[in-house]
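Just below is one structure, and these are the notes that go with it.
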Amino acid sequence: LSYSLDFVKRKFIIVGVNNFHIRRTMDTFRIKAVIAAKEAGSLKKAAEKLDYTPSAFSHIISGLEAELGVKIFYKSYKGVTLTEEGMELYPLFCEFYGSYENIREKAETLSHTGSAVIKIGALASIAKCVLPDLIKKFNAAYPNVKTEIVVGDDFEELLASGAADLFFCDGKREGLAFLPLFTEGYVAVCSREVPLTEKTIVKERLLSLPLIITKEESVAEYLGNAAKSVTTVDSMDYSAALSMAERGLGVTIVPEIEVRGLKRLRAAKINPPLRRTIGVSYRAAKTGNRVFAEFVSFLKDYFSTGKGKRI
């Protein structure tokens, strides 16, 4: 005897796909039962694994054999083994069930996500410096997933409203899950016309200079109240502060990634150092979303293998 996948398909007809819900004349569980029985070598053990009584499980196998018109298993007190016909059909059962599982998983992905979209929120600095290469690589790996970028400061509101699925930010916030990705240091930045030649500037020296700072809390806490002259930019976007520093109005303190490639500015490390941890914040309920889980898995790989922006 010789069997083909067409033979199995004729017996297990998938009569239609409607919104990725499969309608079929043959319950695919019976194929799963055959695979489980072959792997276990026993109907009783396979029944226990699939949470069926031995008699009900045996009836499932017998019903399948009757429908196909062939005997699949030899049964003995030692267990079960495949018949000659069963050995020919078994690879086809595995192929058929594997195809069904692929369809089911794809359908589950689409039903969980509606359309396959991941909405990524980020602070402006991260959106500018980190996301371009990351999104390029993600789109190449997942061409069927649409990415939407939301730039803003109030990420808790963006997450609560659903405008963003996750948000790239610095540090954990109460009530939100946080996945740390990388750390980076802050640097003191000024115009090249300013007579600041130190490669590392100590805090006491920094406090004696005119400073330009954003509303970033960690920088304000680092400086305290001892600075002689401070201009505050009411934003988390460093562009305005950097522009003022370029014009010679003072020294600003920004994450190192902000000044990579900006030759018109001079940057010095600060001592003691100030660092921040960049990661993604999200609501724990999002972890059940397949596309979300795939994106988080991608992020872990992207940064842990050195592909990402490591400072």
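- L249 and V251 fall into different hydrophobic clusters, where Ile, Leu, Val, Met, Phe, Trp and Tyr are joined by side-chain heavy atoms under 4.5 Å apart, directly or via other members.
- Here the side chain of S58 pairs no donor or acceptor atom with the backbone of P54 at under 3.5 angstrom.
- Two residues are said to be in side-chain contact when any heavy atoms from C-beta on lie closer than 4.5 Å; I31 and I35 meet this criterion.
- The cluster map of Ile, Leu, Val, Met, Phe, Trp and Tyr, joined by side-chain heavy atoms under 4.5 Å apart, puts I149 and V130 in the same cluster.
- Nearest heavy atoms, A164 versus G121: CB-N, 4.0 Å.
- To the nearest 0.5 Å, atoms CD1 (I201) and CG (L209) are separated by 5.0 Å.
- The minimum heavy-atom distance linking F73 with A37 is given by the pair CZ-CB, 3.7 Å.
- Residues I60 and Y74 fall into different hydrophobic clusters, defined by Ile, Leu, Val, Met, Phe, Trp and Tyr side chains chained together at heavy-atom separations under 4.5 Å.
- Note on F57 and Y90: same hydrophobic cluster, where clusters join Ile, Leu, Val, Met, Phe, Trp and Tyr whose side-chain heavy atoms are under 4.5 Å apart, directly or indirectly.
- Panel note: side chain D165, backbone K119; a donor-acceptor pair is recorded below 3.5 Å.
- At a threshold of 4.5 Å between non-hydrogen side-chain atoms, the residues E184 and I278 count as touching.
- A pairwise comparison of heavy atoms in A267 and V187 identifies CB-CG2, 4.2 Å as the closest pair.
- Considering only heavy atoms from C-beta on, V145 comes within 4.5 Å of F138 through its side chain.
- The environment of NZ in K146 is sparse: at most 12 heavy-atom neighbours from other residues, nucleotides or ligands sit within 6.0 Å.
- At least one side-chain heavy atom of L242 sits under 4.5 Å from a side-chain heavy atom of V259.
- Once rounded to the nearest 0.5 Å, the distance linking NZ of K45 with CD of E39 reads 13.0 Å.
- Counting only heavy atoms from C-beta outward, the side chains of F298 and I118 never approach each other to under 4.5 Å.
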- Task: In sequence, state the C-alpha distance, the side-chain angles, and the governing distance for Y238 and V189, and then conclude on side-chain contact (heavy atoms from CB on, under 4.5 Å).
- Result: CA-CA 11 Å; Y238 301 104; V189 181; over 6 Å; no
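- Using a 4.5 Å heavy-atom threshold, the side chains of L82 and I72 count as touching.
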- side-chain contact (heavy atoms from CB on, under 4.5 Å) between E204 and L207: does it pass, once the steps are laid out? CA-CA 5 Å; E204 290 73 15; L207 292 172; 5.7 Å; no
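- A donor-acceptor pair under 3.5 Å is formed between the side chain of R266 and the backbone N or O of R192.
- When all heavy atoms of D170 and L123 are compared, the pair lying nearest together is OD1-CD1, 4.0 Å.
- Within 6.0 Å of atom NZ in K32, 12 or fewer heavy atoms from other residues, nucleotides or ligands are found, so the atom counts as exposed in its surroundings.
- Under the 4.5 Å side-chain criterion, counting only non-hydrogen atoms from C-beta, P132 is not in contact with L134.
- R276 has its side chain within reach of P255: a pair of non-hydrogen atoms, C-beta onward, lies under 4.5 Å apart.
- Side chain of S281 to backbone of L176: no donor-acceptor contact under 3.5 angstrom is found.
- Ring orientation note: the planes of F182 and F303 are close to parallel, at an angle under 30° on the 30°/60° scale.
- A chain of hydrophobic side-chain contacts below 4.5 Å, direct or via other Ile, Leu, Val, Met, Phe, Trp or Tyr residues, connects F167 to V151.
- Taken from CG in L299 to CD1 in I120, the straight-line distance is 7.5 Å, to the nearest 0.5 Å.
- Relative to the six-membered ring of Y302, K137 misses at least one condition, a distance below 6.0 Å or an angle of at most 45° to the axis.
- Rounded to the nearest 0.5 Å, atoms CD1 (I212) and CD (E246) are 11.0 Å apart.
- Atom NZ of K269 and atom CG of L274 lie 14.0 Å apart (nearest 0.5 Å).
- Residue K44 places its NZ atom among 12 or fewer non-hydrogen atoms of other residues, nucleotides or ligands, all under 6.0 Å distant.
- Taking the charged nitrogens against the carboxylate oxygens, E258 and K128 do have a contact shorter than 4.0 Å, which makes a salt bridge.
- When atom types are taken as modelled, the side chain of K203 and the backbone of Y222 share a donor-acceptor pair closer than 3.5 angstrom.
- Heavy atoms only, all atoms of each residue included: V80 and S42 are closest at CG2-N, 3.8 Å.
- For an aromatic pair to be called close, the ring centres must be under 6.0 Å apart, and F292 with Y282 satisfies this.
- Once rounded to the nearest 0.5 Å, the distance linking CE of M244 with CG of L211 reads 13.5 Å.
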